[in-house]
Every structure is written in C-alpha cells, then in structure tokens.
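Quick notes on the structure that follows.
Predicted model only: the values in this text are computed from it and were never measured. So you know, we letter chains A, B, ... as the sequences are listed, proteins then strands, and number each from 1.
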Amino acid sequence: MQRALSATRMVGNRPNFPEWYQNVVREADLAEPSPVRGSMIIKPWGYGVWELMQKDLDRRIKETGHDNCYFPLFIPLSFIAKEAQHVEGFAKEMAVVTHHRLKMIDGKLQPDPEAKLEEPLIVRPTSETIIGDAFSRWIRSHRDLPLLINQWANVVRWEMRTRLFLRTAEFLWQEGHTAHADAEDAMKETLKMLEVYRDFSETVLAMPVIPGEKSANERFPGADNTYSIEAMMQDGKALQAGTSHYLGTHFAEAQNIRFQNDAGELSYCHTTSWGVSTRLIGGVVMTHGDDDGLRLPPAIAPRQVVVVPMLRGKPEDAEVLAFCETLVKRLSEQTAFGERVRALLDTKDIRSAEKRWNWVRRGAPLIVEIGPRDVAGANVTYMRREDLRDGDKVRSHSQGVDAFVANVPAMLSEIQATLYREAKTRLDSNITRDVKNLGELSEYFGAAAADDDDAVEFKGWVRAPWSAPTGAALRDGGN
RNA sequence: CGGGGCGUGGCGCAGCCUGGUAGCGCAUCUGGUUUGGGACCAGAGGGUCGCGUGUUCGAAUCACGCCGCCCCGACCA
C-alpha cells in the first residue's frame, strides 16, 4: 500500500507534477485511459462529480434565461466550410465520417467502398455551424430575439497530445449559443456568462479564477472577443477553465442569420457562444489534490460522508452495522448546500483500514469510522479530508452522535470554505505584480523557457502591461 | 508535428550492457493468527517480456521497422 502519492507536499514543489496528477486521477478512481487513443473512460466516482457540476451549472444557465436542446453529433462538412477562420481553427483536428457500411473484403472487415457518403460528415468539435443553421430558420423578427440556447453534449477534437480530463479527443461539455439584435446586447450576454462561470467555479468548485479577455492569438476561431476564467494549478500554471465568446456577426453572415427590425429592415444577428467542459474535473484535482490523493469540495462530492464500520467478524458486528445504518439515515435527512446530505455506508467486505484509505484517495470530505466502542458510547470517530494529517499522523476526531449529525452541514460548509481559502491564498500570493515591461518579464521567467527536464521551477503568474490588441509580444506571460 | 524518455503479471519496478526461454514489492485467492485500525504467517493463482522481421543452436536481452505511452515545445475547452 503506498503511503503517499508523492514525496513532497510543498505547493509548487512537487517533483513531477504531471505524474502526480495522473496518479491522483487513477487512485481517486475518477477515470482511466480507454482503448481508443486519446479518449477516456470516466468511472462512476468521476462521473458522479461531473453530474453534480452539471446539475448546479444547469440551474444557473436556466436561471439566466436559457433553454436546453440537443443538436446532432454529425455536421455536414459544408457547414464548417462557411466561416473561414472557423475552418482554419478546427480543420486540423476533425474526425470525419466517410462511409455508412462495413464489408468483409479479403477476410478483413473494412469500410465498403460502395457505401461512401456523398458529403462527408464531421463529428462536431463545437456546434456553432449547425446551431447557426437552425437559428437562420428560427429567427425572422426582432421579436424572436434574443434567442438563448444551451446544450449538454460530447464533442471531438483530434488532439495530438492528450491528458485525462485536461485534453482528450472526446470530452463532455455544455455549449451555450445565443443570438441578439445588436452588439451591445450580445456583449452583455458574453460577459454575463463569464460571470456565471466565475461564480460557479469559486462557490461550487472552490476554485478561484481570474476572469479576463484573451489575446488575439488565443481567440476562438471566428470570434471577435474571447473571454476566459483562468485558474492557477498547484504547479503554478494556468488552466483555462471556461470561455465565453462574442462572435460579432461572423457566423450570422456566413449562415444568413438575419432578422427584421421594427423599421422593417433586415440585419444580421450578433451571436455568442460559451462553454465549460469535463476539464473542470482536472482543474479540481490540480487545485485541491494533495499527497494522499484527491480532496473534493463537498458541493461536488458524490458522497459527502462515508461511514466505515469497523467489523471484526464477531457477534457485536450486528450492533455496529445497525448503528451505522441509523447514522447514515439520519445524515441523509440533513441538508447541506440546499440538498440532502449524500451519505454512504460502505459495507464492502474488505479490511476497514483499506476502505478508509480508498475514501481518502477519492477525496470524500468526511470519513466516519464506527467500532463497538463508538456504539457503546453513542459516539462517532471521524476524519476531515481537508485537514487529514497532523504531521505524519492522521487527525481523528470524536464526538457524540447527535452533535455530530447536527454539525455535519456546518462542517461540510467549512470544508468547502477552507478549500477555497487555501486555493485563493495560493493564487494571490503567486502573482508577481512589479513587472513593467517585456525585459523584466523575460528575466523573471528566465531559464524556464529553456528547461527540458522535469524540474520546471515554480514561477506562478505575472501581472504585466499587455500589448493590446495582439498580445503577441507578451504571450509567454503565463496568463 | 519537432525534441527527449519509456513499453517486462492488475499497479510500481529489477533483469537487457556481458543472449541460455523471468524475478521482486504491492494487489488478488486459500488457510490460520490478529483486530480502534494503511496487520502477520504459510501457501496459491496470474506474464504471447508492446508488435513484426531479422541475426543466432538459442532473443526480454542484439539489429531494423512499426505501434503505443509519458515529458517538453507548438495548438486547443
């Protein structure tokens, strides 16, 4: 049994951060690589986290006036071709469907040459074009605007280099698409959703971010402006955690999305799109993980309290189990973050010590251990995942069962707040603010660019003047 | 796609230089002993040594080719 996932615990000083990340993803039972290159299998614990993210974000999207719908996975090649920048941006990474039938030829199953599609279909890398096509039919009048749509879907981008959650060939996301009568309204929408993402990330994921505009070279293909929220990972690097785009009239012009204004004149709509993806799970790992594995913010923990009975194969086991069942039932009647507390009794027939560590690695916020002595004294013994260790020792707490049950909602809130505070402190204290020009910037990051071994020094971020509108000269700035 | 590294039971590795058909730790299974805690003893199962071709009496080990994975870079949610 490994005792820790890496040797050091200092932020920014993990000897091999990417390796640590992969270990946590595996040990926390979040996901595993699939037989298909670049794609992953999201396991129940990881998918449970995604479902909770979805649920909360979906509510926010609806509260801001958007309706969900679903557009097809396949997009006609000609649709993509309509917007020049869009083509240029995505052409290199598209999966293409060319046949609709397999045939056994020379003992080998292969696409039937006679079943070739007249027009190839591409697997959506994003849905601007196919949704725009629908918008062009749905929108006639200024009374149809704004049109506010969202979809939860999978998309495919044939990436050269993939990492679980952070960049996979196929990933899950939501993509919002809206159409507006003028630039001002569309820009308002773009910034509104950026703010939705910021608040969601900070309050639900406990992941502080910096919202801002991306430089021209980092813009979404076909956008006039791209905004993002950026989070700082424990290696000091930035993770683009969500984007919101003002698309101007580019897609409207390419796809003829027009409306008649109150004067009877036809004009092009201004559109937006915005999305967050399963990458957020990777962000949570790299924000909150430690040497013992994952630490999940309670708001997105599929199980917030896990009860591990200390069974010894003796008659008193029955009492222990009965006590635990009652405890879980009472916990499930409590409310935290506006929902029932998610509690689990882990009865799997393995050693209880191993069970405990499984839940530690998965990041369950509260882990409760119940033995005969607890039952006799009506106590619970528990650990808080966000504050697991006292030096090398595991910090174990004891409390009367009634008080514990009543305290769980408050403790979950505290854990959520503590995780946020730790990350926020890290973010704030690792932004260097006294860099004034490109020379100082190069000097600060210095050798980092020439590094080719694992030991990349922790540099954090730099706040520096920005050479708008291109940002090209300063693009090594780290954010 | 450029540079570097690596593919040996589920996981982590040794063996390769100096060819003689596999070994360790953890995990798994069985039995026993333990029991406020990441147990101990004994036994067992599990490997086409990434794939292919070649050299050789003999290849995990040598040569060539291919595939895959990881890191850095470029690009991206």
- Message: Using Watson-Crick or G-U wobble geometry with both distances under 3.5 Å, which nucleotide pairs with B/rC29?
- Response: B/rG43
- With a 4.0 Å cut-off on heavy atoms, is A/Gly275 in touch with a base, just the backbone sugar-phosphate, or nothing at all? nothing
- Paired nucleotide for B/rA74 [Watson-Crick or G-U wobble; both distances under 3.5 Å]: none
- Message: Rounded to whole Å, please give me the gap between CG in A/Asp349 and C1' in B/rU30.
- Response: 14 Å
- Query: Expressed in whole Å, how much space separates the P atoms belonging to B/rC71 and B/rA27?
  - Reply: 28 Å
- Query: Of the nucleotides B/rG37, B/rG38, B/rU35, which has the atom closest to the A/Met310 side chain?
  - Reply: B/rG37
- Interatomic distance, A/Glu230 CD vs B/rC76 C1' [rounded to whole Å]: 12 Å
- Task: For A/Pro372, answer base if it contacts any base atom (sugar-phosphate contacts may also be present), sugar-phosphate if it contacts only those atoms, and nothing otherwise; contact means non-hydrogen atoms under 4.0 Å.
- Result: base
- Considering only side-chain heavy atoms of A/Pro18, which listed nucleotide, B/rG12, B/rC76, B/rC71, is closest? B/rC71
- Is the shortest side-chain N/O distance from A/Gln22 to OP1 or OP2 of B/rC69 below 4.0 Å? no
- Item | Sugar-phosphate only, base, or nothing, as touched by A/Phe220 at under 4.0 Å among non-hydrogen atoms | sugar-phosphate
- Where the side chain of A/Arg161 is defined as all heavy atoms beyond and including C-beta, which of B/rA74, B/rC76, B/rG37 is the nearest nucleotide? B/rA74
- Note on the structure: From CG of A/Asp317 across to P of B/rU35 the rounded distance in Å is 14 Å
- More 5' along RNA chain B: A/Glu170 or A/Arg163, using each one's nearest nucleotide? A/Arg163
- Can you tell me how far P in B/rC26 sits from the matching atom in B/rC69, rounded to whole Å? 31 Å
- Query: Paired with B/rC69 by Watson-Crick or G-U wobble geometry, both distances under 3.5 Å: which nucleotide is it?
  - Reply: B/rG5
- Does a donor on one side chain and an acceptor on the other come within less than 3.5 Å for A/Thr226 and A/His245? yes
- Query: Can we say A/Lys314 and A/Glu319 salt-bridge, meaning some charged N sits less than 4.0 Å from an Asp/Glu carboxylate O?
  - Reply: no
- Taking the P atom of each, how far is B/rG9 from B/rG52, in whole Å? 16 Å
- Query: With a non-hydrogen cut-off below 4.0 angstrom, is A/Ser352 in contact with a base, only sugar-phosphate, or nothing?
  - Reply: nothing
- Task: Check the distance between B/rC75's C1' and A/Leu166's CG and give it to me in whole angstrom.
- Result: 15 Å
- Task: Can you tell me the distance, in whole Å, between the CG atom of A/Asp291 and the C1' atom of B/rG38?
- Result: 16 Å
- Message: Looking at A/Asp29 and A/Arg361, is there a salt bridge between them, counting it only when a charged N and a carboxylate O are closer than 4.0 Å?
- Response: no
- 5'-most contact on RNA chain B: A/Thr168 or A/Gly38, nearest heavy atom basis? A/Gly38
- Quick one: salt bridge (Lys or Arg N to Asp or Glu O under 4.0 Å) pairs with a partner in residues 274-285 of chain A, sequence neighbours left out? none
- Task: Determine: side-chain N/O of A/Lys214 to OP1/OP2 of B/rA77, distance under 4.0 Å, yes or no.
- Result: no
- Sort out the partner of B/rC24 for me: Watson-Crick or G-U wobble, both distances under 3.5 Å, none otherwise. B/rG12
- Query: Reckon A/Arg361 has a side-chain N or O less than 4.0 Å from the OP1 or OP2 of B/rG38?
  - Reply: no
- Message: What's A/Thr381 touching, base or sugar-phosphate or nothing? Going by heavy atoms closer than 4.0 Å.
- Response: base
- Query: Is A/Trp173 stacked on the base of B/rA77 when the test is centres under 5.5 angstrom and planes under 30 degrees?
  - Reply: no
- Query: Any idea which of B/rG37, B/rC70, B/rA39 is nearest the A/Arg351 side chain?
  - Reply: B/rA39
- Provide the Watson-Crick or G-U wobble partner of B/rU18, both distances under 3.5 Å; none if there is no partner. none
- Using atom CZ of A/Arg157 as one end and atom C1' of B/rC1 as the other, report the distance to the nearest whole Å. 19 Å
- Item | Under 3.5 Å side-chain donor-acceptor pair for A/Gln399 and A/His397 | no
- Query: What integer distance in Å separates A/Glu218:CD from B/rA74:P?
  - Reply: 11 Å
- Query: To the nearest Å, how far apart are A/Glu159 CD and B/rC70 P?
  - Reply: 13 Å
- Message: Over all strands shown, is A/Arg356 touching base, sugar-phosphate only, or nothing at heavy-atom distances under 4.0 angstrom?
- Response: base
- Does atom CD of A/Glu88 have more than 12 heavy-atom neighbours, drawn from other residues, nucleotides or ligands, at distances under 6.0 Å? no
- Selected nucleotide, minimal atom distance to A/Phe171 side chain, candidates B/rU35, B/rA77, B/rC72: B/rA77
- Query: Which pairs pass salt bridge (Lys or Arg N to Asp or Glu O under 4.0 Å) with one or both residues in residues 54-74 of chain A, sequence neighbours excluded?
  - Reply: A/Lys55-A/Glu339, A/Asp56-A/Arg59, A/Asp56-A/Arg60, A/Asp58-A/Lys62, A/Arg59-A/Glu63, A/Arg60-A/Asp199
